[in-house]
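Worksheet: the structure to be examined is printed underneath.
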2 protein chains.
Amino acid sequence: MRESVNSWLLLNLVTDRSLSQGRSLVEVVAEAVAGGVTCVQLREKTCSTRQFLDEALALKALLQPLRVSLIINDRVDIAMAVGADGVHLGQSDMPISHARHLLGPDCLIGISAESVQDALAAEQQGADYIGISPVFSTPTKTDTAPALGLNGIRQIRELVRIPLVGIGGINLTNARQVIAAGADGVAVVSAIMAAESPRQAAEVIRRELG
Amino acid sequence: MRESVNSWLLLNLVTDRSLSQGRSLVEVVAEAVAGGVTCVQLREKTCSTRQFLDEALALKALLQPLRVSLIINDRVDIAMAVGADGVHLGQSDMPISHARHLLGPDCLIGISAESVQDALAAEQQGADYIGISPVFSTPTKTDTAPALGLNGIRQIRELVRIPLVGIGGINLTNARQVIAAGADGVAVVSAIMAAESPRQAAEVIRRELG
Ligand code: NI
């Protein structure tokens, strides 16, 4: 494993309860972390605030003793309530300026960038890292921007200094290329969430990342 | 009009964009406030965080100079970002304890109570006011608890000291009874939001409240 200041985001798991096949989210995440996931982004799109908060509290209790980062998708209030390590904000979430004002300087803010322009703006506005999305097109997501590809990562890598995480269609077969193109980490959804053994799935991807 | 410390919540408008018939939310709210609405609760259930924030900022700009209170439904982060006067939390939103910790002592926290027990718990946990919901059954909402009725208001009024606002099925014909039963105010959705003239609708209800 390479050691760098950014190794905490080497292998991100982005949650999607619809893929967990009846297993609890905490159960899947615990397995994935045992397999080498270095950062967990809790993403909930349909549940109530109370349920989202309860999931976040459960993941916080699991991850904090293991020194694995917990990032909350979209919801600044949930992140603050549980003392998460950061938030991940898409282009239709709260703008960085408002989020930073609420969260303070120490909370990590990751921004989804769907273009070189998005990435430059995010860095300029004080993002701590950028999620390049999507790297590859994914059959399950139809509402996303065109895939940026490995070339998109190379382009953004030349222009911004903050850490980059690739997301979208990343799995065992292409994870290494994403890092080789200049990303500091990869974010994985279905390749781990939907795996029969999330632990094993995480292990093999982590091994690929070197 | 009776004057009391709680007159700010005499006539609440709870927003519902699906009822605004193509008019912008700000337009309907401006009319309603001109007609006598004393407090606006922004409720959004389906839009993105960015859209919710933009609506909240627009309402804040409208309402602050008029000294009309702005309450944000559910989203503590939106309330903090725009400097709203308060939040309104349902039983599946963030628990008061977490919300108070984030919002501080000066931000109003209203809690929806669907029973006497809910109301007692809300007061005990430090709520600033209680929304008694639903007072009357509403044909458009099928996911609500059984109607508490005017008797429910009387019961809760005897047991709790903080201000009470009735919500659910309240209109011109029954608003006065809700106040007579012990509520400090009424919250209205469709009777104003869906009215051809929100201003006139607010005026007649406000006049009923005396
Ligand atoms: Ni929501």
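Each chain gets a letter, A, B and so on, in the order the sequences are listed, and its residues count up from 1.
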Heavy-atom closest pair (B:P95 atom, A:L53 atom, distance to 0.1 Å) is CD-CD2, 3.4 Å
Between chain B and chain A, donor-acceptor distances below 3.5 angstrom:
from: B:S48; atom 1: OG; to: A:S92; atom 2: O; distance (Å): 3.4
from: B:T49; atom 1: OG1; to: A:D74; atom 2: OD1; distance (Å): 2.7
from: B:T49; atom 1: OG1; to: A:D74; atom 2: OD2; distance (Å): 3.2
from: B:R50; atom 1: N; to: A:S92; atom 2: O; distance (Å): 2.9
from: B:R50; atom 1: NE; to: A:D93; atom 2: O; distance (Å): 2.6
from: B:R50; atom 1: NH2; to: A:Q91; atom 2: O; distance (Å): 3.0
from: B:R50; atom 1: NH2; to: A:D93; atom 2: O; distance (Å): 3.3
from: B:D74; atom 1: OD1; to: A:T49; atom 2: OG1; distance (Å): 2.6
from: B:D74; atom 1: OD2; to: A:T49; atom 2: OG1; distance (Å): 3.2
from: B:V76; atom 1: N; to: A:D77; atom 2: OD2; distance (Å): 3.2
from: B:D77; atom 1: N; to: A:D77; atom 2: OD2; distance (Å): 3.4
from: B:D77; atom 1: OD2; to: A:V76; atom 2: N; distance (Å): 3.3
from: B:D77; atom 1: OD2; to: A:D77; atom 2: N; distance (Å): 3.4
from: B:Q91; atom 1: O; to: A:R50; atom 2: NH2; distance (Å): 3.0
from: B:S92; atom 1: O; to: A:S48; atom 2: OG; distance (Å): 3.4
from: B:S92; atom 1: O; to: A:R50; atom 2: N; distance (Å): 2.9
from: B:D93; atom 1: O; to: A:R50; atom 2: NE; distance (Å): 2.6
from: B:D93; atom 1: O; to: A:R50; atom 2: NH2; distance (Å): 3.3

Heavy-atom distance under 4.5 Å to chain A: side chain of B:L57, backbone, both or neither? side chain
